[in-house]
Amino acid sequence: MALFKMTKTKDSNKVEVILPEHVAIIMDGNGRWAKRQHKPRIFGHKAGVQTVKTITLAANNFGVKVLTLFAFSTENWGRPSDEVNYLMKLPIDFFNTFVPELIENNIKVEAIGELDGLPEATRRAVYNAINDTRDNTGMILNFAMNYGSRTEIIDATKSIVDQVLKGKIKTDEINEQLISANLSTNSLGDHADPDLIIRTSGEQRISNFLLWQAAYSEFYFSDKLWPDYTAEDFEEALAAYGNRDRRFGNIKES
């Protein structure tokens, strides 16, 4: 499916490339994929890492500016300890092998979430990747780790209350822009809000992911389990986005 949208003008037909600048993905289905292979769940997570690499490079090649991946939620701590321990080791191996390729492709690593709550070795691997790619100027590969949107909004609220109590702002100055500025995605600037959110595995829920930022995001649901998700599947999602009519609550003149 081609990533083009035909628009007509009085004088000629114009081919316009319609791409989301910020794509966020809820990577779902690793455990079910492993079960179908009659393997333990960690086998699915290991396979899913290869998909992360594939989709990262595909997004970069397509010209996406920010790719946010929901890697580990605050709720995931409730999973069996063996699985959680394995998930905490994955970023270490991932960044050790992938950072050189990220640098080669001018991709910059960033992360959102309660990073201080991660094990020391995991946290160090994430911060090392951020530091090693800090001079890259291309696509931002943004990992949501130990992330929960409700916690993020609560933290932003506490920060704003603190600013009010200290006299730095007045209550009537609290608006959408101020709240966004106090969220962890503020570092993404104009690309803080995802244009497109993809969820794999056939599930159709947001799972406490970017609740504020997703106010006007387009959603795309794929039946593919994450380890089976391909660059072609990703292109199909981008093409579907290109055919959406984003009005942001307004009416466009015909």
Any donor-acceptor pair under 3.5 Å from T200 side chain to M27 backbone: no

For E104, all residues meeting side chain to side chain contact (heavy atoms under 4.5 Å, CB included), sequence neighbours excluded: none

Point-to-point distance, once rounded to the nearest 0.5 Å, from CG of N85 to OG of S81: 5.5 Å

Shortest non-hydrogen contact between I130 and V109, atoms and distance: CG1-O, 3.6 Å

Transitive ILVMFWY side-chain link I206 to W226, under 4.5 Å: no

Over all atoms of both residues, closest heavy-atom pair of L67 and A59: CD2-CB, 4.1 Å

Rounded distance [0.5 Å steps], OG1 in T74 versus CG in N208: 5.5 Å

Least distance between heavy atoms, G48 atom then N30 atom: CA-OD1, 3.9 Å

N-O pairing of R32 and E203 below 4.0 Å: yes

Flag side-chain contact, heavy atom, 4.5 Å: I198 against I26: no

Donor-acceptor contact below 3.5 Å, side chain S222 vs main chain K224: yes

Spatial distance of atom NZ (K158) from atom CD (Q163) [nearest 0.5 Å]: 14.5 Å

Side chain to side chain donor-acceptor pair (under 3.5 Å) partners for H191, two or more places apart: E21

Short side-chain donor-acceptor distance under 3.5 Å, E176 and S180: no

Non-hydrogen side-chain atoms of I25 and I197 separated by less than 4.5 Å: no

Sequence-distant partners of D190, side chain to side chain contact (heavy atoms under 4.5 Å, CB included), two or more places apart: none

Same apolar cluster: V23 and L188, side chain cutoff 4.5 Å: no

Residues which pass side chain to side chain donor-acceptor pair (under 3.5 Å) with Y86, listed by chain and number, not counting sequence neighbours: none

Worked verdict on Q213 versus E152 for side-chain hydrogen bond (donor to acceptor under 3.5 Å, both in side chains): CA-CA 11 Å; Q213 298 89 335; E152 178 188 33; 3.3 Å; yes

Test item: F72 and L87 side chains (from C-beta on) under 4.5 Å apart, heavy atoms: yes

R199 side-chain N/O to F221 backbone N/O, donor-acceptor pair under 3.5 Å: no

D223 and S201 side chains, donor-acceptor separation under 3.5 Å: no

H22 versus D195, side-chain donor and acceptor atoms under 3.5 Å: no

Under the salt bridge (Lys or Arg N to Asp or Glu O under 4.0 Å) test, residues paired with R124 that sit two or more places apart: E120

ILVMFWY cluster, L102 and F62 together (side-chain gap under 4.5 Å): yes

Polar side-chain atom of D233 near backbone of Y229 as donor-acceptor pair, under 3.5 Å: no

Sub-6.0 Å ring centroid separation between F94 and F143: yes

Side-chain donor/acceptor of S73 to backbone N/O of N76, under 3.5 Å: yes

Heavy-atom check, side chain of V99 versus side chain of N128, under 4.5 Å: no

Flag side-chain contact, heavy atom, 4.5 Å: N142 against L69: no

Check: L225 main-chain N/O paired with D28 side-chain donor or acceptor under 3.5 Å: no

Contact check, side chains of Y147 and L210, non-hydrogen atoms, under 4.5 Å: yes

Side-chain donor/acceptor of N136 to backbone N/O of I107, under 3.5 Å: yes

Sidechain-backbone polar pair: N61 side chain, L57 backbone, donor-acceptor under 3.5 Å: yes

Minimal non-hydrogen separation, G31 against R41, with atom names: CA-NH1, 3.5 Å

Closest contact, heavy atoms only, Y220 versus A240: CE1-CB, 3.6 Å

Test item: N146 side-chain N/O and L115 main-chain N/O as donor-acceptor pair under 3.5 Å: no

Backbone of K108 reached by a side-chain donor or acceptor of R134 within 3.5 Å: no

Heavy-atom check, side chain of Y216 versus side chain of D193, under 4.5 Å: no

Side chain to side chain contact (heavy atoms under 4.5 Å, CB included) against P119, all qualifying residues, sequence neighbours excluded: W77, M88, T122

Single-linkage hydrophobic cluster V52~I92, side-chain heavy atoms < 4.5 angstrom: no

Which atom of P227 lies closest to which atom of G44, heavy atoms considered: CG-O, 3.8 Å

Partner set under salt bridge (Lys or Arg N to Asp or Glu O under 4.0 Å) for D228, not counting sequence neighbours: none

Interatomic distance, M145 atom CE to R123 atom CZ [nearest 0.5 angstrom]: 11.5 Å

Nearest-0.5 Å distance that lies between atom CG in L196 and atom CD in E218: 7.5 Å

Counterpart residues, salt bridge (Lys or Arg N to Asp or Glu O under 4.0 Å), relative to D162 (two or more places apart): K166

Side chain to side chain donor-acceptor pair (under 3.5 Å) involving D155 - partner list, sequence neighbours excluded: none

Nearest-0.5 Å distance, OG of residue S159 to CD1 of residue I179: 11.5 Å

Verdict with supporting geometry, T56 and M139, side chain to side chain contact (heavy atoms under 4.5 Å, CB included): CA-CA 9 Å; T56 295; M139 187 185 80; 4.0 Å; yes

Salt bridge (Lys or Arg N to Asp or Glu O under 4.0 Å) against E114, all qualifying residues, sequence neighbours excluded: none

Within 6.0 Å of NZ in K53, more than 12 heavy atoms from elsewhere: yes

D82: side chain to side chain donor-acceptor pair (under 3.5 Å) partners, not counting sequence neighbours: none

Contacts of type side chain to side chain contact (heavy atoms under 4.5 Å, CB included), residue A231, not counting sequence neighbours: T54, A58

L183 vs I112 side-chain heavy atoms within contact, under 4.5 Å: no

W33 with F70, same ILVMFWY side-chain cluster at under 4.5 Å: no

